[in-house]
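Below: the structure, in structure tokens.
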Amino acid sequence: MKDLRAPRRVASLSAQLVDTLREQITSGAWPVGMRIPPEHDLVEQLGVGRTTVREALGALVHLGLLEARKGDGTYVRTSSEMHSVLMRRANTSRWSDVLELRAVLEEYASGLAALRRTEDDLNHLRHLLDEAAAKADSPEMAAIAEIDTRFHQAVVNASGNTLLTEVYDVLSTAVTEQIGGTLWPSATAAEHSLLHRRLVEAIAAQDEVGARYCATEIVKLTETGTERQK
């Protein structure tokens, strides 16, 4: 007896529209922060009913890709469903859990970066080190934290693993929100800077073990420095 074959199901019109609008977001046609066309414009452009458009937009809001602002319109919140889900999860997790996961990802990614980095990667990392050094004495701690976040994202990006990069970007955003206003003692800040330079040196030398060690020490220092402020 032959296996029974289930009938093919055709996706509803609103589900098809969700896919169409999601493509606009993930492709960058609708970048993060953009206010998307209002409902009546989408109805005219797409040739579908207002209810279908409303259902599709509601689904994308639920997924976290769009944000509806009362009286202002609907905006692109993020270009990745995974980003939205992981960000919510990170924001409801213990701070120590977020840092531990970050440590695991950074250690492994730094080792990969040492093996796979390009000259462009190295030039970018060195530029970010110089940018951080120029901001070291700035009273704007949020700006310093933002540069630090870009530095670590660049290290992970140099690993060549796009999925790892996407997951890490979420965690680094969560960490930046936590420590953005933290003022560390000068000795801690100096050690933090030194470890970053040693990390770049290890990556440049293709020293996988050294890069992983530096990455782990940086996360430990971040946790210790933040705990002292509590």
Side-chain angles (χ1 to χ4, degrees), residues 83 86-87 90 93 95-229:
H83 184 284
L86 285 176
M87 193 64 186
S93 298
W95 168 241
S96 59
D97 288 349
V98 174
L99 279 179
E100 286 172 4
L101 180 54
R102 179 194 175 200
V104 170
L105 296 181
E106 282 200 19
E107 178 189 349
Y108 188 73
S110 295
L112 289 180
L115 298 176
R116 300 173 178 174
R117 92 292 185 279
T118 65
E119 286 302 314
D120 285 343
D121 290 328
L122 289 176
N123 290 335
H124 184 45
L125 288 171
R126 287 167 177 151
H127 172 76
L128 290 171
L129 283 179
D130 292 340
E131 190 175 344
K135 286 278 189 178
D137 296 326
S138 171
E140 299 177 5
M141 295 307 298
I144 295 174
E146 189 270 336
I147 295 172
D148 186 68
T149 296
R150 286 193 283 122
F151 172 84
H152 289 287
Q153 287 174 334
V155 170
V156 177
N157 187 61
S159 74
N161 186 319
T162 55
L163 181 58
L164 178 59
T165 299
E166 188 172 355
V167 172
Y168 178 79
D169 284 351
V170 177
L171 293 179
S172 62
T173 300
V175 170
T176 299
E177 290 179 355
Q178 285 280 350
I179 67 174
T182 300
L183 181 61
W184 290 351
S186 57
T188 302
E191 185 178 357
H192 188 260
S193 177
L194 178 60
L195 283 170
H196 280 65
R197 291 200 173 274
R198 286 179 175 171
L199 174 57
V200 174
E201 289 170 2
I203 292 173
Q206 296 189 301
D207 178 2
E208 180 184 3
V209 174
R212 294 179 70 154
Y213 173 79
C214 288
T216 302
E217 290 301 303
I218 289 170
V219 175
K220 287 180 181 178
L221 188 65
T222 299
E223 184 173 12
T224 301
T226 305
E227 286 296 326
R228 287 173 181 166
Q229 302 300 312

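A distance of 10.0 Å separates CZ of Phe151 from NE2 of His124, quoted to the nearest 0.5 Å. For the atom pair Leu112 CG and Leu164 CG, the distance stands at 7.0 Å (nearest 0.5 Å). If you take CG on Leu129 and CZ on Arg126, they are separated by 9.0 Å, rounding to the nearest 0.5 Å. Separation of atoms CZ (Arg198) and CG (Asp207) is listed at 12.5 Å; rounding is to 0.5 Å. Note that the CD atom of Glu191 and the CG atom of Leu221 stand 5.0 Å from one another [nearest 0.5 Å].
Of the possible polar contacts, none joining the Arg102 side chain to the Leu171 backbone as a donor-acceptor pair under 3.5 Å is found. Arg117 contributes a side-chain N or O that, together with a main-chain N or O of Ala204, makes up a donor-acceptor pair within less than 3.5 Å. Of the possible polar contacts, none joining the Asn123 side chain to the Asp120 backbone as a donor-acceptor pair under 3.5 Å is found. Under the 3.5 Å distance criterion, the side-chain polar atoms of Asp97 are left unmatched by any main-chain donor or acceptor of Ser93. Using modelled atom types, no side-chain atom of Ser193 and backbone atom of Ala190 make a donor-acceptor pair closer than 3.5 Å.
Taking the charged nitrogens against the carboxylate oxygens, Glu217 and Lys220 do have a contact shorter than 4.0 Å, which makes a salt bridge. By the 4.0 Å N-to-carboxylate-O rule, Arg150 lies close enough to Glu131 to be salt-bridged with it.
Taking both residues in full, the closest heavy atoms of Ala211 and Ala202 are given as N-CB, 3.5 Å, listed atom of the first, atom of the second, then distance. The two residues Ala103 and Val219 come nearest to each other via the heavy atoms CB-CG1, 3.7 Å. Nearest heavy atoms, Ala133 versus Arg197: CB-NH2, 4.1 Å. Nearest heavy atom pair, residue Thr165 against residue Asn157, reads OG1-CA, 3.6 Å.
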Worksheet item: Can you list the steps and then say if Leu199 with Tyr213 is a side-chain contact (heavy atoms from CB on, under 4.5 Å)?
Response: CA-CA 8 Å; Leu199 174 57; Tyr213 173 79; over 6 Å; no
Worksheet entry | Criterion side-chain hydrogen bond (donor to acceptor under 3.5 Å, both in side chains) on Tyr168 and Gln153, from CA distance to verdict | CA-CA 7 Å; Tyr168 178 79; Gln153 287 174 334; over 6 Å; no
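Taking the six-membered ring where tryptophan is involved, the planes of His196 and His152 are perpendicular, since the angle between them exceeds 60° and thus also 30°.
Remark: of the listed residues Leu128, Leu125, Val200, Leu125 is the sole one forming a side-chain contact (heavy atoms from CB on, under 4.5 Å) with Val155.
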